[in-house]
Amino acid sequence: MAKGITKRSEDYAQWYIDVVLKAEMAEYSPVKGCMVIRPTGYGVWEKIQQHLDRMFKETGHVNAYFPLFIPESFLKKEAEHIEGFAPECAMVTHGGGKKLEEPLAIRPTSETIIWSTYKNWISSYRDLPILINQWANVCRWEMRTRLFLRTTEFLWQEGHTAHATHEEAEEETVRMVHVYRRFAEEYLAMPVIVGRKTRREKFAGALHTYCIEAMMQDGKALQAGTSHHLGQNFAKAFDVKFQDKDKELKYVYATSWGVSTRLIGGMIMTHSDDNGLVIPPRLAPTPVVFVPIWRSDAEKKLVLDTARAITRDWDPLFCRIDDRDQYKPGYKFNEWELKGIPVRVEIGPRDVAAGTVVAARRDTGEKVTLPAGTLREQLDALLADIQQNLFDTARKRMEERTYTVDSYEEYKARVEQGGFFRVFLDHENPEVEERLQEDTRSTVRCIPFDAPDEEGPCMITGKPCRGRVIAAQGY
RNA sequence: CGGGGCGUAGCGCAGCCCGGUUAGCGCGCUUGGUUUGGGACCAAGAGGUCGCGGGUUCGAAUCCCGCCGCCCCGACCA
């Protein structure tokens with residue numbers, strides 16, 4: 001059907017690249033590892049921003065902006081942090097034709113520049129909490145890149161909060177991972193497992209990291225959002241203290257949390273099919289496209305006038321009337337399918353005469369004839385149904401491909417086929433995880449919040465463990 | 001960094017082994033006409049430093065040497 005898209009069953013990785021490129025979400029740029037996000041892809045990012053930004057503000061956060069450049073010495077102030085990020089930092093050594101006195105890192109993340117600033121803002125418990133988010137680009141020199149999933153430069157948001165107590169910071173860390181879960185489920189229609197990262201997988205410089213993990217159609221895991229409790233590590237590194245009610249001088253507690261343009265990759269790999277992109281309605285910049293059908297000039301006028309009359313009072317961003325002359329309807333059907341538009345409305349002379357239109361949904365391909373008079377209400381219902389169906393389908397897939405396994409032999413034999421594996425593993429010991437990765441190219445994705453209270457032997461060492469973790473191969 | 005692939009028109013490719021007229025095909029693009037309910041057709045056009053540099057030769061997209069770039073697969077990571 002679709003021209004030039006590799007089938008998922010043939011080569012999943014190539015299918016993904018084909019969809020991104022053919023749907024015009026993004027394309028390769030002249031710079032290795034960097035991509036151009038095209039209007040179709042950027043429009044989805046804008047929807048993500050719009051909804052998430054609202055959720056952040058509803059939970060008391062405000063936006064600000066900090067510099068792209070970070071003095072090298074700042075990065076070095078937190079030992080674990082620099083160890084984690086130094087290898088992947090892009091450094092600026094020259095500016096204005098002169099060698100800089102101190103090299104500047106292009107931010108891989110902004111904890112250091114932000115905490116050096118918070119030092120000036122915080123002196124009393126009355127200055128806390130600080131609840132700030134920034135929308136920004138960051139740069140990480142990864143060895144291997146993939147469109148949207150891992151690019152050298154990427155867009156994201158990073159929240160950086162400051163609190164008086166450990167408990168308050170912990171509450172914030174938990175709150176934000178649940179904001180991400182809700183966003184993933186309600187907007188991306190992407191079911192996720194919420195949990196904690198193991199010591200080996202946590203953020204460099206954090207006490208612990210919470211995350212949401214999604215399952216792609218090939219059964220591989222995608223880390224889709226993280227929320228870190230940074231404790232007093234950055235406050236100590238940047239000497240950020242406040243005087244508390246009890247007159248004591250104390251270090252501030254910190255959190256940080258982020259999601260990136262990787263979410264778009266996750267959206268694509270969760271819902272799209274062999275005919276191309278599928279965008280969940282709530283993230284579609286344009287949820288509905290009208291394809292008018294005509295033969296003569298008289299019919300063209302009649303059909304277009306009718307389509308315009310039907311949509312006259314609608315939000316102009318809700319639908320587009322594709323009145324391009326150079327393409328036949330069949331071409332347009334395929335194009336909008338490839339580009340993932342949730343609902344296509346066909347309207348021709350027959351429909352005008354009958355006072356109806358034909359609506360085709362992207363997720364199932366099903367077509368229904370609807371009366372033109374109440375179209376807007378019916379479209380809203382249809383879009384809501386598509387949104388729900390996408391989520392249900394993805395959730396069913398995740399449930400069906402989540403397995404409980406106790407033997408390491410069985411795990412090794414099956415993990416390559418994809419899926420989430422509920423296993424006992426001694427994740428307190430990083431060497432055990434290392435062995436897991438060496439043997440199977442898989443990792444512990446998270447220790448789920450809602451894991452039943454079970455006890456059993458670590459599948460590798462036999463050591464007694466409490467609670468199962470989720471292990472899988474990931475992106 | 002290891003393994004593989006590719007660089008020729010906007011895109012996808014052929015030509016290269018075995019050097020030789022004016023570098024070709026499909027798609028797309030422009031103009032005109034006919035078409036239009038699942039990727040239309042006819043006709044006429046426009047469009048090229050053959051990745052870069054050097055060498056061999058009367059003559060190089062083609063042979064030789066060097067360089068560069070990008071993509072894919074692994075190890076590292078959101």
Side-chain angles (χ1 to χ4, degrees), chain A residues 1-6 11-14 16-18 21-22 24 27-35 84-89 108-109 137-158 180 197 200-204 209 211-214 221-228 256-266 275-276 291-297 299-300 303 322-338 344-352 354 356-358 360 365 367 369 434 437-438 441 443 473-475:
Chain A
M1 267 254 265
K3 278 186 187 165
I5 296 185
T6 307
D11 182 345
Y12 190 81
Q14 189 58 48
Y16 173 75
I17 294 163
D18 288 346
L21 261 24
K22 305 272 178 189
E24 299 182 354
E27 65 185 35
Y28 295 108
S29 76
V31 182
K32 181 191 176 114
C34 294
M35 63 175 177
F85 283 107
E88 55 190 54
C89 269
T109 178
N137 58 340
V138 287
C139 189
R140 297 182 188 176
W141 219 265
E142 304 287 357
M143 298 184 213
R144 175 133 149 62
T145 55
R146 280 163 172 274
L147 293 165
F148 286 114
L149 299 176
R150 186 172 300 106
T151 46
T152 302
E153 181 197 6
F154 58 96
L155 305 181
W156 78 347
Q157 59 68 217
E158 47 182 329
Y180 289 154
K197 283 289 183 191
R200 185 167 178 268
E201 298 282 326
K202 74 176 174 64
F203 178 76
T209 291
C211 65
I212 55 171
E213 293 282 327
L222 184 77
Q223 177 176 311
T226 48
S227 181
H228 318 292
S256 69
W257 27 273
V259 297
S260 72
T261 35
R262 166 180 274 195
L263 287 180
I264 298 174
N275 292 325
V291 177
I293 297 151
W294 64 77
R295 284 185 199 80
S296 62
D297 282 349
E299 278 183 353
K300 177 179 175 181
V303 168
D322 184 358
D323 58 0
R324 291 176 300 174
D325 234 339
Q326 69 268 38
Y327 300 115
K328 297 194 358 172
Y331 181 94
K332 295 177 183 177
F333 294 172
N334 282 286
E335 178 177 356
W336 295 121
E337 236 159 61
L338 172 63
R344 178 184 73 242
V345 173
E346 305 168 16
I347 178 165
R350 291 205 301 263
D351 300 294
V352 174
T356 60
V357 302
V358 174
K367 285 190 186 189
T369 301
E434 206 138 320
Q437 182 159 19
E438 272 171 31
R441 281 172 44 217
T443 53
Q473 291 194 340
Y475 277 95

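Every chain is numbered from 1 and lettered A, B, ... according to where its sequence line falls, protein lines coming before strand lines.
- Contact annotation for A:Arg144: base contact, defined as any heavy-atom pair under 4.0 Å involving a base atom.
- Within 4.0 Å (heavy atoms only), A:Ala13 reaches sugar-phosphate atoms of the nucleic acid but no base atom.
- The side chain to side chain contact (heavy atoms under 4.5 Å, CB included) test applied to A:Lys300 returns A:Trp294, A:Leu304, A:Asp325, not counting sequence neighbours.
- Residue A:Glu142 places its side chain closer to B:rC76 than to any other of B:rG39, B:rC72, B:rC76.
- Straight-line distance from the NZ atom of A:Lys32 to the C1' atom of B:rC68: 12 Å, rounded to whole Å.
- In this structure, the OH atom of A:Tyr12 is 17 Å from the C1' atom of B:rC72, given to the nearest Å.
- Taken to the nearest 0.5 Å, the CG atom of A:Asn275 stands 14.0 Å off from the NZ atom of A:Lys22.
- Residues A:Glu335 and A:Phe148 each lie close to RNA chain B; by heavy-atom proximity, the contact nearer the 5' end of the strand is made by A:Glu335.
- Annotation: salt bridge (charged side-chain N to carboxylate O under 4.0 Å, His left out) contacts of A:Arg441 (sequence neighbours excluded): A:Glu416.
- Distance CZ (A:Arg324) to C1' (B:rA40): 15 Å, rounded to an integer number of Å.
- Distance CZ (A:Arg344) to P (B:rG39): 12 Å, rounded to an integer number of Å.
- A search for side chain to side chain contact (heavy atoms under 4.5 Å, CB included) contacts involving A:Thr109 returns A:His81, A:Phe85, A:Glu111, A:Arg140, A:Trp156, A:Glu158, A:Phe203, not counting sequence neighbours.
- Here A:Lys367 lies in heavy-atom contact (under 4.0 Å) with a base.
- Atom CD in A:Glu434 sits roughly 14 Å away from atom P in B:rA75 (whole-Å rounding).
- Scored by the side chain to side chain contact (heavy atoms under 4.5 Å, CB included) test, A:Thr356 finds A:Asp351, A:Ala354, A:Thr369 as partners (sequence neighbours excluded).
- Residue A:Gly33 is in sugar-phosphate contact alone, with no base atom involved, counting any heavy-atom pair closer than 4.0 Å across all strands shown.
- Here A:Gln223 lies in heavy-atom contact (under 4.0 Å) with sugar-phosphate atoms only.
- Counting non-hydrogen atoms under 4.0 angstrom, A:Thr151 reaches a base of the nucleic acid.
- In this structure, CD on A:Gln157 lies 6.0 Å from CH2 on A:Trp257, to the nearest 0.5 angstrom.
- Annotation: B:rC41 and B:rG5 have their C1' atoms spaced 38 Å apart (nearest Å).
- The nearest pair of heavy atoms linking A:Arg146 to A:Thr151 is O-CG2, 3.8 Å.
- Scored by the salt bridge (charged side-chain N to carboxylate O under 4.0 Å, His left out) test, A:Glu346 finds A:Arg344, A:Lys367 as partners (sequence neighbours excluded).
- Atom CG in A:Asp18 sits about 12 Å away from atom C1' in B:rC72, given to the nearest Å.
- Residues meeting the side chain to side chain contact (heavy atoms under 4.5 Å, CB included) test with A:Asp322, sequence neighbours left out: A:Val289, A:Arg320, A:Arg324, A:Lys332, A:Trp336.
- Distance check on atom P: B:rU62 versus B:rU21 gives 14 Å, rounded to whole Å.
- For RNA chain B, runs of at least 3 consecutive pairs of the Watson-Crick or G-U wobble type, with both hydrogen-bonding distances under 3.5 angstrom, map to B:1-7 with B:68-74, B:10-13 with B:24-27, B:29-34 with B:40-45, B:51-55 with B:63-67.
- Residue side chain A:Glu337 reaches the base of B:rG38 through a donor-acceptor N/O pair under 3.5 Å, judged by distance alone.
- Here the separation of B:rA43 from B:rU35, taken at their C1' atoms, is 15 Å to the nearest Å.
- Residue-to-nucleotide proximity on RNA chain B shows that, of A:Gln14 and A:Phe203, the 5′-proximal contact is made by A:Gln14.
- For the C1' atoms, the distance from B:rG51 to B:rC71 is 15 Å, rounded to whole Å.
- Atom CE in A:Met143 sits about 17 Å away from atom C1' in B:rC72, given to the nearest Å.
- Nucleic acid contact class of A:Gln437 (heavy atoms, under 4.0 Å, all strands): sugar-phosphate only.
- Counting any heavy atom pair closer than 4.0 Å across all strands shown, A:Ile17 reaches sugar-phosphate atoms only and no base atom.
- Nucleotides B:rC72 and B:rU36 place their C1' atoms 41 Å apart, quoted to the nearest Å.
- If you take atom P in B:rC17 and the same atom in B:rC65, they sit 14 Å apart, rounded to whole Å.
- Note on A:Glu213 versus A:Lys197: salt bridge recorded, some NZ/NE/NH1/NH2 to OD/OE distance being below 4.0 Å.
- With values rounded to the nearest 0.5 angstrom, A:Leu147 atom CG is found 6.5 Å from A:Leu21 atom CG.
- If you take CZ of A:Arg441 and P of B:rC76, they are 10 Å apart, rounded to a whole angstrom.
- Partners of A:Phe333 by ring-ring contact (aromatic ring centres under 6.0 Å, His included), not counting sequence neighbours: none found.
- B:rG54 and B:rA61 have their P atoms separated by 14 Å, with the value rounded to a whole Å.
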Quick tally for nucleotides 29-37 of chain B: nucleotides whose base has a protein heavy atom under 4.0 Å get B, sugar-phosphate-only ones S, the rest -, giving S------BB
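- Distance check on atom C1': B:rG24 versus B:rG32 gives 27 Å, rounded to whole Å.
- Using a 4.0 Å heavy-atom distance criterion, A:Arg146 is classed as a sugar-phosphate-only contact.
- Among the protein residues, A:Phe154 comes within range of the nucleic acid bases, having at least one heavy atom under 4.0 Å from a base atom.
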